[in-house]
Amino acid sequence: MKLEGKRAVITGGAQGLGKGFAEHILESGGQVALLDVKVSLGLETANELNAKYGQGSAIFIQCDVTDKERFKRALQVAAQVLGSYDILVNNAGISSHEDFEVVLKINLSAVISGTMFAVEHMREDKGGRGGLIINISSAAGLMPAPMEPIYAASKFGVVGFSRSIGPAVESLGVKVLCLCPSFARTPLVTVHLENEDFRNFVESMGLMEVSEVVEAFATLVEDERNASVLSITPGKKEYRFQKRKANL
Ligand SMILES: NC(=O)c1ccc[n+]([C@@H]2O[C@H](COP(=O)([O-])OP(=O)(O)OC[C@H]3O[C@@H](n4cnc5c(N)ncnc54)[C@H](O)[C@@H]3O)[C@@H](O)[C@H]2O)c1
Ligand SMILES: CCCCC/C=C\C=C\[C@H](O)C/C=C\C/C=C\CCCC(=O)O
């Protein structure tokens, strides 16, 4: 998809990868709505982006994606303010929480509800204009992560869901893509770096800058291969899995 003139909603867009994806869309001539629980940071990021890319290019909407009604309403507000939206990036995520269900709610359930809401908005058979849904999983959605089994379960879920729902909604003009980065320098990772075992592990895998993940995101959006899963590790970008062939 060419991003010029396109409007995107990005969950967890106040910082980190979400902010990086927003900058790429704005640099390409699009507009963004940032949804996040962090209100002052979200407003600050939207202000920064408006100053850089032009007033009205970015809006911030406070939203906890685990609250389905508020998430639905935030998407409606984004559509009203921007005129519509062509892209939803389900990016909000956390690594761990004392209640494992919170991790599953943010990292997996909200990806599913966001996808369902966006399909309803985009579906061409009901007056929508089609669109792209990009779900952010992780390298920990492709390989075991004994340090973070619940996080891995949520991210494996995102891969399985994206590969399954993509073909199911293609006839509606909607494509679902999935990005699986390994470690990147964002607060999600840097807050844990004082832990020596974690730091050694991250060093062994390599730590990407946000720009390298954003470059993979750009490839995924440009290629628009429905139900594809793109993994990005330091210096290596690779589509995973074959297209599903059998109707089993
Ligand atoms: N940084 C990495 O190494 C890495 C690697 C692979 C995948 N990921 C995934 O990328 C996504 C973005 O991660 P990041 O590294 O930018 O993390 P981050 O912590 O820097 O940013 C995540 C953002 O999500 C927001 N958020 C959290 N819970 C939310 C909720 N309930 N509702 C709305 N917003 C919420 C946070 O406030 C924050 O602004 C996550 O899904 C993460 O799992 C990150
Ligand atoms: C150990 C992984 C979870 C750490 C949580 C913090 C940040 C997570 C960022 C990324 O999404 C993780 C990306 C890649 C990790 C992939 C595999 C890790 C395997 C680790 C292990 O052996 O336990």
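This one's a predicted model, so the numbers in the text were calculated from it and none came from an experiment. As the structure lists them, so they are numbered: ligands from 1, and atoms in each ligand from 1.
- Remark: the Tyr85 side chain and the Gln31 side chain contain no N/O donor-acceptor pair separated by less than 3.5 Å.
- No hydrogens or angles considered: a donor-acceptor pair under 3.5 Å links the side chains of Asn135 and Ser162.
- Between Tyr151 and ligand 2, a contact under 3.5 Å exists for at least one N or O pair.
- Ligand 1 has an N or O atom lying under 3.5 Å from an N or O atom of Val65, backbone or side chain.
- Neither the backbone nor the side chain of Ser95 has any atom closer than 4.0 Å to an atom of ligand 1 (non-hydrogen atoms only).
- Among all heavy-atom pairs drawn from Cys180 and Val229, the shortest one is SG-CG1, 3.7 Å.
- Every N/O-N/O distance between Thr66 and ligand 1 stays at or above 3.5 Å.
- Neither the backbone nor the side chain of Ser96 comes within 4.0 Å of ligand 2, counting heavy atoms alone.
- Side-chain polar atoms of Thr219 and Lys237 form a donor-acceptor pair below 3.5 angstrom.
- Every N/O-N/O distance between Ser138 and ligand 1 stays at or above 3.5 Å.
- At under 3.5 Å, a nitrogen or oxygen of Leu17, whether backbone or side chain, sits near a nitrogen or oxygen of ligand 1.
- For Phe183 and Phe198, the ring centers sit closer than 6.0 Å to each other.
- Annotation for ligand 2: atoms under 4.0 Å from non-hydrogen atoms of Ser138 are 10 (C), 11 (O), 12 (C), 13 (C), 14 (C).
- In summary, the atoms of ligand 1 found under 4.0 Å from a heavy atom of Lys38, numbered by their order in the structure, are 37 (O).
- Within ligand 2, counting atoms from 1 as listed, the ones closer than 4.0 Å to a heavy atom of Ser95 are 5 (C), 6 (C).
- In Ser182, the part holding a heavy atom less than 4.0 Å from any atom of ligand 1 is the backbone.
- The parts of Met147 lying near ligand 2 are both backbone and side chain, judged by heavy-atom distances below 4.0 Å.
- Heavy atoms from both the backbone and the side chain of Pro146 come within less than 4.0 Å of ligand 2.
- No part of Lys155 comes within 4.0 Å of ligand 2, judged by heavy-atom distances.
- Side-chain contact between Asp67 and Glu69 is present, with at least one heavy-atom pair separated by less than 4.5 Å.
- The Gly93 neighbourhood of ligand 1 comprises atoms 22 (C), 24 (O), 40 (C), 41 (O), with distances under 4.0 Å to a heavy atom of that residue.
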